[in-house]
Amino acid sequence: MSRSRSEPTSEGEGTLRPDDYAGTPGGESDAVQPALGVTGWLRWGWRQLTSMRTALVLLLLLAIAAVPGSLVPQRSADPNGVTQYYADNPDLAPILDDLSMFDVYTSPWFSAIYILLFVSLIGCVIPRTKHHAKALRAQPPRTPARLARLDDHRSAQLQVAADADPAAAAEEAVSLAGEQLRRAGYRVARYDARGRLSVSAERGYARETGNLVFHGALVGVLIAVGVGGGFTYTGQSVIVEGDTFVNTMLDYASFNPGRFVDTDELTPYALTLDEFEVTYEPAGSNAAGQAGDFSANLTIRNGDEVTEESVRVNHPVDIDGDRVYLMGNGYAPTITVRDADGDVVFSESVPFLPQDTNMTSLGVIKVPDGLPDQLGMTAFFYPTQFELASGAFTSAYPALVNPVVTINVYAGDLGIDDGTPRSVYTLDPTDMTQLAGRGVDEPALELAPGDTAELPDGLGTVTFENETPAGVDGYEQSVKRFVSLSIHRDVGAPWVLAFAVLATLGLLAGLFVPRRRMWVTATARDGAVELEYAGLARGEDPTLTAAVDKLARTHEAALRPRLSARGSSSTPSPSDTPKVD
Amino acid sequence: MSDTALTLDDVSVLLVWTAIAVYALAFIAYAIDLASRSALAVEAKDARARERELVAAGGESLADVRAREERAGAEIGMAPGKRPRLVWARIGTSLTVLAFLFHLGATVLRGIAAERVPWSNMYEFAMTGLLLVVAVYLAALVKYDLRFLGTFITGLAVVLLGGATLSFYVEVVPLMDPLKSVWLVIHVFVASLATALFALAFGLSIVQLLQARRERKVAEAQEGQLVKTGPGFLRTLPSAEALESLAYRFAIIGFIFWTFTLIAGAIWANDAWGRYWGFDTKEVWTFVIWVLYAGYIHARATRGWRGTRSAWLSIIGFVAVLFNFTIVNMFFQGLHAYSGLS
Ligand code: HEM
């Protein structure tokens, strides 16, 4: 059915492949002993590195090496997961860490594999490219002496009229075949010898071109990723409704610049979060509470230009090449703390981190100054408070139906004075005394919007501010929301895409363009022309048999009238019909 | 959610179960076909009395093997009308077409009920993915007589579609925000298409391995000696080499689609998550599968790796595809949390 094996004739011309390419004739390459001496060994080593087998083994190793990164959390993608993993597996985690298991894709062993693979690839592709450049300009090879030995071979005999010259007819046959092949996209050369005229044709150079383009484009992808990464930055920021973020280092919560990024040269645009919109599936529906249609409506000031845009999931906003993404959202209850005299010592909208799909949220409030002791509070926010059978609270719906904050209060040392960086989302109560909440006599403070509660020990008061604009009823707008935005600049990405598309195009050509040789010979003999047709696949070519059949058919169909038009009528003999071997 | 939408989904589920039942019948018919093929091979040999006994005993000579493979090799590419009349295989194919129509109806209804493409959670991925597996198989039948894969395809459909409906079924819910993208339509569909092609390549590679084992046994045996060569239906199938090149053809088309899936996924990730590549678990597995099939293609071009060894890579590749779809979706943490299961 198919001709998948490569030809028995000389390989070599046309494509250059590693020694152990399946189509290359000859012994096992690894049986070849290296010549003595350093250069001999080096050459031998290089040959091994650029062999098909090495490429294959490295590809399989790459596949295997990539797997652990999906089993163990990775620092780059999921730093919290790594912290959690350490907490859950205190004995195993350090060992895995020593093996770079939390940074698989930048680990020495993973890097070694792909660097070797790409060295092998370059070492393989460069000589092939040179060779192919030459082959593109070369003539198709000589016609083999015995075409009948090829698998795809047809022969036919056409009678020539008695008064006609068989030699001229043979000439006519071969030049017609050459013409037909050329029109079919073949490169054609004539090789005539002792009464046997022949045309040799080759097509499908695009197969090798495509293969080389594909492998070259992979190098392009790697370089674009590597170099592009140096000019890329990513930063995260949290903005509460009404607040403004300015694109400078000061306003970022975290920032990861590539090696060549100048952090003083960021475009200083400003983003104000006017409103965050979200819809929740109504209670009682299949997906009650499912959130959707998130939209962060921003006012963007860039120089003198002021625009309003909304950032949505799948729809980042582009500002001067920076892309702004909506990564998360939540509630930011406004909390005011007053001292015993009623003076405000703290008043802020504090972003609370959502803990579940119904937006039960956890926040930390730190009051470092203004009170006798530093004050720390861990607070839960329930947009729709609901009491479980156990007496614990949870949120039953993510929208603001029955919003409540519960607050545990600690006094003492927040541990922030010595300059140790502390997350604003966690409280370390080791040097503090709990004043209220679970575990002590004083219950947690429980506040609805607008409520104020006394702090224990007469320290002062805490107010959960109601942000509802004047004239609006209900709780719907009583608590502000925040969004977390991620800002990216990646100059490499378009290049990566371009090379990836190029690779795909190369792949299409490299896999699907049939590369083959065709020969047609004509020999004048005893008042007849003997015709032979043969084809040879170079690489996978499932359609070769059909192509040879078609060539034989169309050639004879075109040739027959020409020969008979030359005057004499040649009665078609039974042997005129092509005989399929 | 209106009442009519719910009803549509109910009808869809009913159609799914009908399809599963009919696939099961098709599976039985195809299995009978495979069983009766060995008998067929025996009949064809009756004229040659000398070897009757050997064949009856389940053995055959090398020359027989070659001759029959040649015939099978020619038959596999025959136009549907000219193929050998295998009654049970015909019944199997007719039932498969019938089941496919029910399956198609179920999938389309689910899409109408949900008012979006029916491939946005595990249940729907399974439904659409298997629909494409069967569609690609039926389309391939037009060109190649692959009915010997019928048991595999219908078996896969019964097990996976049944399993998905039992354990992955979720009611129609609105799409999560990250899925509201044209890339859902393109990326997931093309991935399913690639999977379907890989499935056919996988089936062919398995048969190739069986056939290669049988050829080896026959070649090792002395002429005229009695050899036991495994399942009898293998004797009616093309040579391992022919099966291999067919498997390769499906695999490379699948590979192109998979490459496209990878690129489309990266473009989507760049819009949704702000980076085109982040080694998220699902990205890792898509990459691993891509590299495995690149390895398979390479192996086919590497001396000493053609044949049995490369077939194993095709098999491992498809196992990774199934693993990616089931285990990774259900148990691995990552950003691709769209199974719809909790
Ligand atoms: C990043 C690593 C590599 C990947 C992903 C890769 C992938 C591929 C793919 C998909 C093909 C089939 C497409 C086509 O023929 O155009 C292919 C073919 C080929 N590759 Fe690679 N390759 C890699 C490295 C290498 C290396 C290092 C070598 C040299 C030792 C090599 C030599 C070849 C050759 C000779 C073919 C043609 C095979 C044939 O004739 O069918 N490749 N490669």
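Lettering follows sequence order; numbering is per chain, from 1.
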Toward chain A: residues of residues 310-323 of chain B with heavy atoms under 4.5 Å:
B:L313
Between A:P282, A:A65, A:A66, which residue shows the highest count of heavy-atom pairs closer than 4.5 Å to chain B?
A:A66
Any donor and acceptor pair, going by atom type alone, linking the side chain of A:S484 with main-chain N or O of A:G328 inside 3.5 Å?
yes
Between B:Y296 and B:Y248, how do the two ring planes meet: parallel, tilted or perpendicular, split at 30° and 60°?
tilted
Is B:K282 salt-bridged to B:D280, cutoff N-O under 4.0 Å?
no
In a check of ring-ring contact (aromatic ring centres under 6.0 Å, His included) between B:Y293 and each of B:W258, B:F198, B:F255, which one passes?
B:F198
Looking at A:E540 and B:R306, is there a salt bridge between them, counting it only when a charged N and a carboxylate O are closer than 4.0 Å?
yes
Once the angle between the rings of A:F499 and A:W495 is folded into 0 to 90°, is it parallel (under 30°), tilted (30 to 60°) or perpendicular (over 60°)?
tilted
Counting only non-hydrogen atoms closer than 4.5 Å, does A:L508 touch chain B with its backbone (N, CA, C, O), its side chain (CB onward), both, or neither?
both
Looking only at the side chains, is there a donor atom on one of A:T54 and A:Q48 sitting less than 3.5 Å from an acceptor on the other?
no
Counting only N and O atoms by type, is there a donor-acceptor contact under 3.5 Å from the side chain of B:H187 to the main-chain atoms of B:T261?
yes
Quick one: which of A:T504, A:T232, A:T234, A:V67 has the most heavy-atom pairs under 4.5 Å with chain B, could you say?
A:V67
Is B:T259 in contact with chain A via its backbone, its side chain, both, or neither, using a 4.5 Å heavy-atom distance?
side chain
So which part of B:W183 gets closer than 4.5 Å to some heavy atom of chain A, the side chain, the backbone, both or neither?
neither
Top of A:Y325, A:F294, A:F512 for chain B proximity - count of heavy-atom pairs under 4.5 angstrom:
A:Y325
Name the region of B:F260, side chain, backbone, both or neither, that has any atom closer than 4.5 Å to a heavy atom of chain A.
neither
Which bit of A:L497 is near chain B, if near means a heavy-atom gap under 4.5 Å: side chain, backbone, both or neither?
side chain
For B:I252, which atoms come within 4.5 Å of any heavy atom of chain A: side chain, backbone, both, or neither?
both
Using a 4.5 angstrom heavy-atom cutoff, name the option from B:L292, B:V288, B:N270 with the most pairs to chain A.
B:N270
CG (B:L200) and OH (B:Y144) are apart, to the nearest 0.5 Å, by 11.5 Å
Under a 4.5 Å heavy-atom cut-off, does chain A meet the side chain of B:W277, its backbone, both or neither?
neither
So, the side chain of A:D103 versus the backbone of A:T106: is there a donor-acceptor pair under 3.5 Å, distance only?
no
Pair count under 4.5 Å, heavy atoms only, with chain A: among B:A272, B:A299, B:G274, highest is B:G274
Show the numbers, then the answer: is there a side chain to side chain donor-acceptor pair (under 3.5 Å) between B:W268 and A:N314?
CA-CA 8 Å; B:W268 188 3; A:N314 279 319; 3.0 Å; yes
Which bit of A:V324 comes within less than 4.5 Å of chain B, counting heavy atoms only: side chain, backbone, both or neither?
neither
Ignoring hydrogens and geometry, is there a side-chain-to-backbone donor-acceptor pair from A:T279 to A:G292 under 3.5 Å?
yes
Is any side-chain N of the basic residue among A:E208 and A:R128 closer than 4.0 Å to the acidic one's carboxylate O?
yes
Chain B contact via A:D293 - which portion, at a heavy-atom distance below 4.5 Å:
both
Please look at B:I267 and chain A and tell me whether the side chain, the backbone, both or neither of the residue comes under 4.5 angstrom of a heavy atom of that chain.
side chain
